[in-house]
Amino acid sequence: MIRITIIGSGNVAQHLIKAFSASPLVEIVQAFSRKKEALSHLLDSEKIVTEFTALKNADLYIISVSDNAISEVSSQLPFKDRLVVHTSGTTSIDVLDSKNKKGVFYPLQTFSKNKTVDFSIIPICLETKNQNDYKILETAAKSISNAVFSISSEQRKALHVAAVFVNNFTNHLYQIGQEICEEHQVPFKVLKPLIQETAEKIKTLDPIDAQTGPAKRRDSVTTNAHLGFITNENQKNIYKILTQSIQHNGKKL
């Protein structure tokens with residue numbers, strides 16, 4: 001059994017606590033939070049600490065805080081030669097203080113506190129400085145996920161950029177679609193089956209093969225009609241850029 005301590009109380013930290021708590025292969029020794037009440041609904045009070053000096057011995061310490069706080073938190077840990085990892089998608093392994101063994105435990109998913117996720121299908125990207133540390137991380141990851149990958153810091157940066165495109169930017173386009181619907185008194189739910197089918201397609205098709213629509217067909221009559229219909233300049237500019245990008249297959253415009 002791997003003994004794990006979670007440092008942090010945000011979305012990722014809370015989802016990790018839930019996932020590890022459900023695994024018979026893991027024991028959560030402690031969790032660190034500036035305020036105990038942030039985690040009191042997930043752990044018994046005696047397992048929640050608010051001071052780094054109260055941290056007990058564990059096999060693995062997972063720092064799950066904002067990217068700009070990782071270095072400071074790792075430097076404040078009052079021990080040496082233990083395995084300490086962070087959960088960031090963009091931060092290098094090297095920001096962790098060198099007094100401890102370093103690693104990365106990056107679950108590639110969008111997390112919201114009140115939205116349950118199935119951790120068994122979430123890719124977890126791992127990185128360590130040596131093979132022994134990797135084995136510990138791999139065991140911990142496989143205790144909650146069936147999708148575990150060895151990913152370097154540079155590869156992780158690429159994944160995070162790609163994730164912003166397929167998740168954050170896509171969700172923003174959903175918001176624009178909803179705004180257009182609401183402006184013209186159309187229920188946004190009419191579009192939800194289309195959204196679902198678009199997501200389902202890439203399970204069997206490459207995105208370039210799944211692409212449809214007037215930009216793909218180079219249907220200038222329709223695209224010009226759309227641009228004439230859109231009154232919001234920001235929406236119009238986004239429409240133009242995406243149309244050009246599709247027509248150039250993502251190459252330089």
Side-chain angles (χ1 to χ4, degrees), residues 1-21 23 25-34 39 47-109 111 119 122-145 147-164:
M1 179 172 286
I2 295 182
R3 293 163 50 84
I4 294 178
T5 290
I6 307 291
I7 300 173
S9 59
N11 287 347
V12 177
Q14 293 197 25
H15 279 281
L16 285 174
I17 289 171
K18 290 177 185 177
F20 283 129
S21 294
S23 172
L25 303 177
V26 170
E27 176 191 354
I28 296 182
V29 178
Q30 291 173 309
F32 173 90
S33 174
R34 297 291 183 188
L39 299 177
K47 285 195 171 187
I48 306 171
V49 298
T50 58
E51 300 292 336
F52 290 123
T53 53
L55 291 172
K56 298 178 181 178
N57 189 34
D59 300 311
L60 173 62
Y61 298 82
I62 300 179
I63 297 176
S64 186
V65 298
S66 61
D67 289 4
N68 58 7
I70 293 171
S71 179
E72 180 183 356
V73 168
S74 69
S75 69
Q76 292 183 48
L77 298 179
F79 45 72
K80 296 180 180 180
D81 299 322
R82 301 184 193 175
L83 181 53
V84 177
V85 305
H86 68 65
T87 61
S88 170
T90 58
T91 306
S92 168
I93 190 174
D94 294 319
V95 304
L96 293 164
D97 196 286
S98 58
K99 67 187 176 185
N100 284 298
K101 294 177 283 187
K102 304 176 181 182
V104 177
F105 190 98
Y106 170 49
L108 203 170
Q109 186 54 277
F111 294 101
F119 241 99
I122 293 176
I124 299 181
C125 304
L126 308 179
E127 182 183 5
T128 60
K129 292 290 189 178
N130 64 67
Q131 190 59 30
N132 287 336
D133 293 340
Y134 186 86
K135 288 179 181 178
I136 295 174
L137 269 195
E138 185 178 43
T139 301
K142 287 185 174 180
S143 75
I144 58 174
S145 172
V148 177
F149 301 90
S150 175
I151 300 290
S152 70
S153 285
E154 195 65 21
Q155 290 172 320
R156 189 161 30 83
K157 287 180 184 178
L159 269 175
H160 197 267
V161 171
V164 168

Rounded to the nearest 0.5 Å, how far does [atom2] of [Y] lie from [atom1] of [X]?
{"X": "S145", "Y": "L126", "atom1": "OG", "atom2": "CG", "answer": "9.0 Å"}
{"X": "I28", "Y": "K18", "atom1": "CD1", "atom2": "NZ", "answer": "12.0 Å"}
{"X": "R34", "Y": "E51", "atom1": "CZ", "atom2": "CD", "answer": "7.5 Å"}
{"X": "S143", "Y": "I124", "atom1": "OG", "atom2": "CD1", "answer": "7.5 Å"}
{"X": "L60", "Y": "L83", "atom1": "CG", "atom2": "CG", "answer": "5.0 Å"}

Can you say whether the rings of F52 and F32 are parallel (under 30°), tilted (30 to 60°) or perpendicular (over 60°)? parallel
Would you mind reporting whether [Y] and [X] have side-chain heavy atoms less than 4.5 Å apart?
{"X": "L159", "Y": "F149", "result": "no"}
{"X": "L96", "Y": "I63", "result": "yes"}
{"X": "V95", "Y": "H86", "result": "yes"}
{"X": "T128", "Y": "I136", "result": "no"}
{"X": "I7", "Y": "L77", "result": "yes"}

Identify the two heavy atoms, one from [X] and one from [Y], that lie closest to each other, and give their separation to 0.1 Å.
{"X": "S71", "Y": "S74", "answer": "O-OG, 2.9 Å"}
{"X": "F20", "Y": "A140", "answer": "CE2-O, 3.5 Å"}
{"X": "I144", "Y": "A19", "answer": "CG2-O, 3.6 Å"}
{"X": "G8", "Y": "V65", "answer": "CA-CG1, 4.1 Å"}
{"X": "V29", "Y": "R3", "answer": "CG2-CB, 3.5 Å"}

Say whether, by atom type as modelled, one donor and one acceptor occur between the side chain of [X] and the main chain of [Y] under 3.5 angstrom.
{"X": "N100", "Y": "D81", "answer": "yes"}
{"X": "T5", "Y": "Y61", "answer": "no"}
{"X": "Q30", "Y": "A54", "answer": "yes"}
{"X": "S152", "Y": "Q155", "answer": "yes"}
{"X": "N11", "Y": "F111", "answer": "yes"}
{"X": "D133", "Y": "K102", "answer": "no"}
{"X": "R156", "Y": "T91", "answer": "yes"}
{"X": "S75", "Y": "D97", "answer": "no"}
{"X": "E127", "Y": "S153", "answer": "yes"}

Is there a side-chain contact (heavy atoms from CB on, under 4.5 Å) between I2 and L25? Walk through the geometry before answering. CA-CA 7 Å; I2 295 182; L25 303 177; over 6 Å; no
Counting heavy atoms not belonging to [X], are there more than 12 under 6.0 Å from its [atom1]?
{"X": "Q131", "atom1": "CD", "value": "yes"}
{"X": "K99", "atom1": "NZ", "value": "yes"}
{"X": "K142", "atom1": "NZ", "value": "no"}

Sole candidate of L137, I17, T87 that passes side chain to side chain contact (heavy atoms under 4.5 Å, CB included) when paired with I62: T87
Full working for side-chain contact (heavy atoms from CB on, under 4.5 Å) between V49 and L55: CA-CA 7 Å; V49 298; L55 291 172; 3.8 Å; yes
Please determine whether a side-chain nitrogen of the Lys or Arg among D94 and K129 lies less than 4.0 Å from a carboxylate oxygen of the Asp or Glu. yes
With side-chain contact (heavy atoms from CB on, under 4.5 Å) as the criterion, how do I151 and Y106 come out once you've worked through the C-alpha distance, each side chain's angles and the decisive distance to 0.1 Å? CA-CA 9 Å; I151 300 290; Y106 170 49; over 6 Å; no
Can you check side-chain contact (heavy atoms from CB on, under 4.5 Å) on L16 and F105, steps first, answer last? CA-CA 11 Å; L16 285 174; F105 190 98; 3.9 Å; yes
